[in-house]
Chemist: 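The following block contains the structure, expressed as structure tokens.
Just so you know, residue 1 is the first one in the sequence shown, and it goes up from there.
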Amino acid sequence: MLKICVVGLSGRMGHSLFDCCQGLEGLKIVSGVAKNDTPMPVGFNGDVVENVNALKEAPDIFIDFSRPDCSLTVLDYAKAHNCRVVLGTTGFDEDGKSKIVSTSHSVPIVFAANFSVGVNVSLALIKRTAAIMQDADLEIYEAHHRYKVDAPSGTALAMGEAAAEARGVNLKDVMVEGRHGITGVRKYGTIGFSSVRGGDVVGEHKAMFLSDGERVVIEHVATSRATFARGALRAAEWLSQKKPGLYTMNEVLGLDKL
């Protein structure tokens, strides 16, 4: 039985992970990191702590969709206790990303901006399309619920990274965010981003390849957080048999072999 600790158990993703885990063979959520005065998933009776270092027992694996500062503490604990990590937190700075890489030398980590199977298929398609449609203008649009605090979303950035890699450029060098005012003529090779926040939108992402006379649109719409939860649980099960290293959902889903 793979023992799982969910970081952010009382949040929307935490509840969805617990619900999706019910009835699965070989997986059990036994603990969580969350504020004790927040509502836990119905039916959960495991260990809940506000700080990961207070856990009574180290889990086999963490599933973490929290905040960068919290996730970095989890990585320290995982390294010290030889725990695997499925990491879906976004918004890391360069130092945080470096710590993820260094920790992966000691423990297996699956790190992804989005654990939806459909999103990762979309990323693979975007990478191939960007390589083929080299001259097309690329715009990336994303929308999320009013409570999401970072923008562009990690998934939108992953889309941009996939396209930039296919074109042999650094995303930071070609990225344009939130145009306003007199922007002038579009610069060749740039990748534009726009973000919307409002309501209860689970997640919408669209990559638009715009050429003279035609456009190709690759779109993914999530209507339930269960899609992310199922993908994270699939990653956890896959990771349980892996050696230390930094993995992506490409490896989990076998997209790297296509």
Chemist: Going by the ring-ring contact (aromatic ring centres under 6.0 Å, His included) test, which pairs reach into residues 110-130, not counting sequence neighbours?
Modeler: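 Non-adjacent pairs meeting ring-ring contact (aromatic ring centres under 6.0 Å, His included): F65-F115, F92-F111.
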Chemist: In plain terms, say whether E142 and K148 are close enough for a salt bridge, that is, a side-chain N and a carboxylate O under 4.0 Å apart.
Modeler: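 A salt bridge is absent here (no side-chain N lies under 4.0 Å from a carboxylate O).
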Chemist: Would you name the heavy atoms of C5 and V33 that are closest together and state the gap between them?
Modeler: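 Taking every non-hydrogen atom into account, SG-CG2, 4.0 Å.
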Chemist: Does N250 have any side-chain hydrogen bond (donor to acceptor under 3.5 Å, both in side chains) partners at least two apart in sequence or in another chain, and if so, which?
Modeler: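 Expected list: none.
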Chemist: Do D93 and P68 have side chains that get closer than 4.5 Å, going by heavy atoms?
Modeler: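 Of all side-chain heavy-atom pairs linking P68 with D93, none is under 4.5 Å.
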Chemist: I want to check something: taking the side chain as every heavy atom from C-beta on, are C20 and S16 in contact at a cut-off of under 4.5 Å?
Modeler: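 They are in side-chain contact.
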Chemist: Which pair of heavy atoms, one from A143 and one from V201, lies closest together, and at what distance?
Modeler: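 Of all heavy-atom pairs spanning A143 and V201, the closest is O-CG1, 3.5 Å.
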Chemist: Restricting to pairs with a member in residues 207-220, which pass side-chain hydrogen bond (donor to acceptor under 3.5 Å, both in side chains), not counting sequence neighbours?
Modeler: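 Those involving residues 207-220 are S116-H220.
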Chemist: Would you list the atom pairs, donor with acceptor, under 3.5 Å between side chains in residues 75-84 and any protein atom, with sequence neighbours excluded?
Modeler:
{"unit_1": "D76", "atom_1": "OD1", "unit_2": "K99", "atom_2": "NZ", "d": "2.8"}
{"unit_1": "D76", "atom_1": "OD2", "unit_2": "K99", "atom_2": "NZ", "d": "2.9"}
{"unit_1": "H81", "atom_1": "ND1", "unit_2": "Y77", "atom_2": "O", "d": "3.0"}
{"unit_1": "R84", "atom_1": "NE", "unit_2": "L239", "atom_2": "O", "d": "2.9"}
{"unit_1": "R84", "atom_1": "NH2", "unit_2": "K242", "atom_2": "O", "d": "2.9"}

Chemist: Just to verify, what does R186 make a salt bridge (Lys or Arg N to Asp or Glu O under 4.0 Å) with, not counting sequence neighbours?
Modeler: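 D137, E139.
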Chemist: Once side-chain contact (heavy atoms from CB on, under 4.5 Å) is applied, do any residues pair with N170, and if so which ones, sequence neighbours excluded?
Modeler: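 So N170 forms a side-chain contact (heavy atoms from CB on, under 4.5 Å) with K172, D173.
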Chemist: Any non-hydrogen side-chain atom of P244 less than 4.5 Å from a side-chain atom of S106?
Modeler: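 Side-chain contact under 4.5 Å: no.
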Chemist: Under a 4.0 Å N-O cut-off, is there an ion pair linking E237 with R234?
Modeler: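 Judged by the 4.0 Å cut-off on N to carboxylate O distance, E237 and R234 do not form a salt bridge.
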Chemist: Check side-chain hydrogen bond (donor to acceptor under 3.5 Å, both in side chains) between S104 and all other residues, then give those that pass, not counting sequence neighbours.
Modeler: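 Partners of S104 by the side-chain hydrogen bond (donor to acceptor under 3.5 Å, both in side chains) criterion come out as none, since no residue qualifies.
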Chemist: What side-chain donor-acceptor pairs closer than 3.5 Å can you find for residues 151-169, not counting sequence neighbours?
Modeler:
{"unit_1": "S153", "atom_1": "OG", "unit_2": "A156", "atom_2": "N", "d": "3.0"}
{"unit_1": "S153", "atom_1": "OG", "unit_2": "H205", "atom_2": "NE2", "d": "2.9"}
{"unit_1": "T155", "atom_1": "OG1", "unit_2": "N114", "atom_2": "ND2", "d": "2.9"}
{"unit_1": "E165", "atom_1": "OE2", "unit_2": "K127", "atom_2": "NZ", "d": "3.1"}
{"unit_1": "R167", "atom_1": "NE", "unit_2": "A130", "atom_2": "O", "d": "3.4"}
{"unit_1": "R167", "atom_1": "NH1", "unit_2": "A136", "atom_2": "O", "d": "3.4"}
{"unit_1": "R167", "atom_1": "NH2", "unit_2": "M133", "atom_2": "O", "d": "2.7"}
{"unit_1": "R167", "atom_1": "NH2", "unit_2": "A136", "atom_2": "O", "d": "3.0"}

Chemist: For V42, is there any backbone N or O sitting under 3.5 Å from a side-chain donor or acceptor partner on H15?
Modeler: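 No.
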Chemist: Can you pull the side-chain hydrogen bond (donor to acceptor under 3.5 Å, both in side chains) pairs that have at least one residue in residues 38-47, sequence neighbours excluded?
Modeler: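 Checked against side-chain hydrogen bond (donor to acceptor under 3.5 Å, both in side chains) - neighbours excluded - the pairs reaching residues 38-47 are S10-T38.
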Chemist: Applying side-chain contact (heavy atoms from CB on, under 4.5 Å), name anything that partners D69, two or more places apart in sequence or on another chain.
Modeler: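 If we apply the side-chain contact (heavy atoms from CB on, under 4.5 Å) test to D69, skipping adjacent residues, the hits are R67.
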Chemist: Is any side-chain heavy atom of I191 closer than 4.5 Å to one of L171?
Modeler: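 Yes, their side chains come closer than 4.5 Å.
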Chemist: Could you note down all residue pairs passing salt bridge (Lys or Arg N to Asp or Glu O under 4.0 Å) where residues 198-208 supplies at least one of them, sequence neighbours left out?
Modeler: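 For residues 198-208: none.
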Chemist: Kindly state each residue pair satisfying salt bridge (Lys or Arg N to Asp or Glu O under 4.0 Å) with at least one member in residues 1-22, sequence neighbours excluded.
Modeler: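 The answer is K3-E57.
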